[in-house]
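Sequence lines set the chain letters: A, B, ... in the order given, protein chains first and strands last, and positions in each chain run from 1. Nothing here was measured: the structure is a model prediction, and the numbers come from that model.
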2 protein chains.
Amino acid sequence: MTTAAVPRGGGREAITRAARESFAERGYHGSSIRDIAARAGLSLSALYHWHSGKQDLLAALIEESTEEYFRRCDEALRDAGDDPAARLGALVRATVEYRISRQVESTIAASEWRNLDPAHRERLDGMRAAATRLWADLVEDGVARGAFRCEHPGDARRAVVAACNAIAHWYEPDRGLAVPDLVDRYTAIALRVVDCR
Amino acid sequence: MTTAAVPRGGGREAITRAARESFAERGYHGSSIRDIAARAGLSLSALYHWHSGKQDLLAALIEESTEEYFRRCDEALRDAGDDPAARLGALVRATVEYRISRQVESTIAASEWRNLDPAHRERLDGMRAAATRLWADLVEDGVARGAFRCEHPGDARRAVVAACNAIAHWYEPDRGLAVPDLVDRYTAIALRVVDCR
DNA sequence: CGGAACCTATCGATCGATCGTTCACCCGGC
DNA sequence: GCCGGGTGAACGATCGATCGATAGGTTCCG
């Protein structure tokens, strides 16, 4: 028996998956690269063959999923037309769907963001700020056009985003509600928060 | 120079404060007890004189603040009377005030909960569940009495709680809004989420 | 066609640093 | 003279990282 678990060649993905599991269960500093390698069915050296180190594993995970969220938001808004309520619904849908389809990465990014190297963090902070801008512009535009009636757009935005993001913390894929229904519920909540007529 | 920074006798509190700072900045596994002791201006041995170990530092921090939150909720509801809207406002006020007055402990508890020993966690999970019950009973009661009109009380509750809890992640004590104003804003948001007439 | 050269994917062994914890000891005040 | 508050040195374990070696595959040249 030499290579039974990993079918030779699937090393990189096996390690990435193992890192995702370990970071999710124990956090960045709580995970050891030895445990990650063992979980992947590979040696410690194989891990260094595919990645440049522990930090690289974390950064790759967070970067990839953050980029996906940003891309989903962009696409959703592009297809949403002009109506403020429709645009808010689009952003809620993108966020809810993302938090569920990338539930593990979401929780990792939320709690391990601070452990990113400054080099990685800078660019990701920029994307995070850009996403916040999307939400803020949308809500402020809705208020300006009289579609929304909230006195404090910033707080309404933070409340809606927090509610959507929190889904990653409690949703159970198998037992929970179907995703489209959940999207409907959170869209309704968001519209109530901004007091949409 | 022997004990210049710590005024002799304040050892326990100095260590607790240092642990709170370090856990908040770097997380549980990212903090070393050597750094905590140095931050407190004491030796590593002094830390073990006052606490039984690293886990004890974390558990004490989370336990104490979780108990305070639970106590605040109880008191708020006891003084709130019978009206559903007033009771919801009371719980929102208790939560918002707590998240700000214990901002650091809130973020620590949120991200380091999983690092608690099973022994500590069991009891705290019970308190967390009890607090959830307070919110759930309140919302369901409001719906049953016709004061709230939300179709999905569970989702409304989760949305409101998530929004209030998130305050700990972004509020800046010196630059931000005064606490009573913030309480008012989040009470209004909560009432909109449950569609209170 | 044969084999030397090279590449890819993986391994075991090991490095120095740091981790949480323990222990034996000390100093000053009641 | 005891005891509360404190120290420094040391323990074994584990950490992230690096090293040289190697089995199997592919390429290329004569």
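Taking A:Arg99 as the reference, nothing meets the salt bridge (Lys or Arg N to Asp or Glu O under 4.0 Å) condition, with sequence neighbours excluded. Here B:Arg102 pairs with B:Glu64, B:Glu68, B:Glu105 under the salt bridge (Lys or Arg N to Asp or Glu O under 4.0 Å) rule; sequence neighbours left out. Every side-chain contact (heavy atoms from CB on, under 4.5 Å) that B:Gln55 has, sequence neighbours left out, goes to B:Tyr28, B:Ala59, B:Leu116, B:Asp117, B:His120.
Between the P atom of D:dT14 and the CZ atom of A:Arg26 lies a distance of 13 Å, rounded to the nearest Å. D:dT7 atom C1' lies 13 Å from atom CD1 of B:Ile15, rounded to whole Å. Rounded to whole Å, atom C1' of D:dA17 lies 14 Å from atom CD1 of A:Ile36. In this structure, B:Leu42 atom CG and D:dT7 atom C1' are separated by 10 Å, rounded to whole Å. With rounding to whole Å, A:Leu47 atom CG is found 13 Å from D:dT18 atom C1'.
Between C:dT10 and A:His49, no contact under 4.0 Å exists linking OP1 or OP2 to a side-chain N or O. In terms of phosphate contacts, B:Trp50 brings no side-chain nitrogen or oxygen within less than 4.0 Å of OP1 or OP2 of D:dG4.
Separation of atoms CG (B:Asp137) and OG1 (B:Thr132) is listed at 10.5 Å; rounding is to 0.5 Å.
Sequence neighbours left out, the pairs with a member in residues 65-96 of chain A that pass ring pair (Phe, Tyr, Trp, His ring centres under 6.0 Å) are A:Tyr69-A:Tyr98. Residue pairs meeting the side chain to side chain donor-acceptor pair (under 3.5 Å) criterion with at least one partner in residues 167-179 of chain B, sequence neighbours excluded, are B:Glu172-B:Arg175.
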Can you check nucleotides 20-23 of chain C for protein contacts, nitrogen or oxygen pairs under 3.5 Å, and list what you find?
from   : atom 1 : to      : atom 2 : distance (Å)
C:dG20 : OP1    : B:Ser31 : O      : 3.2
C:dG20 : OP1    : B:Lys54 : NZ     : 2.6
C:dG20 : OP2    : B:Ile33 : N      : 3.1
C:dG20 : N7     : B:Arg34 : NH1    : 2.8
C:dG20 : O6     : B:Arg34 : NH2    : 2.8
C:dT21 : OP2    : B:Tyr48 : OH     : 2.6
C:dT21 : OP2    : B:Lys54 : N      : 3.0
C:dT21 : O5'    : B:Tyr48 : OH     : 2.9

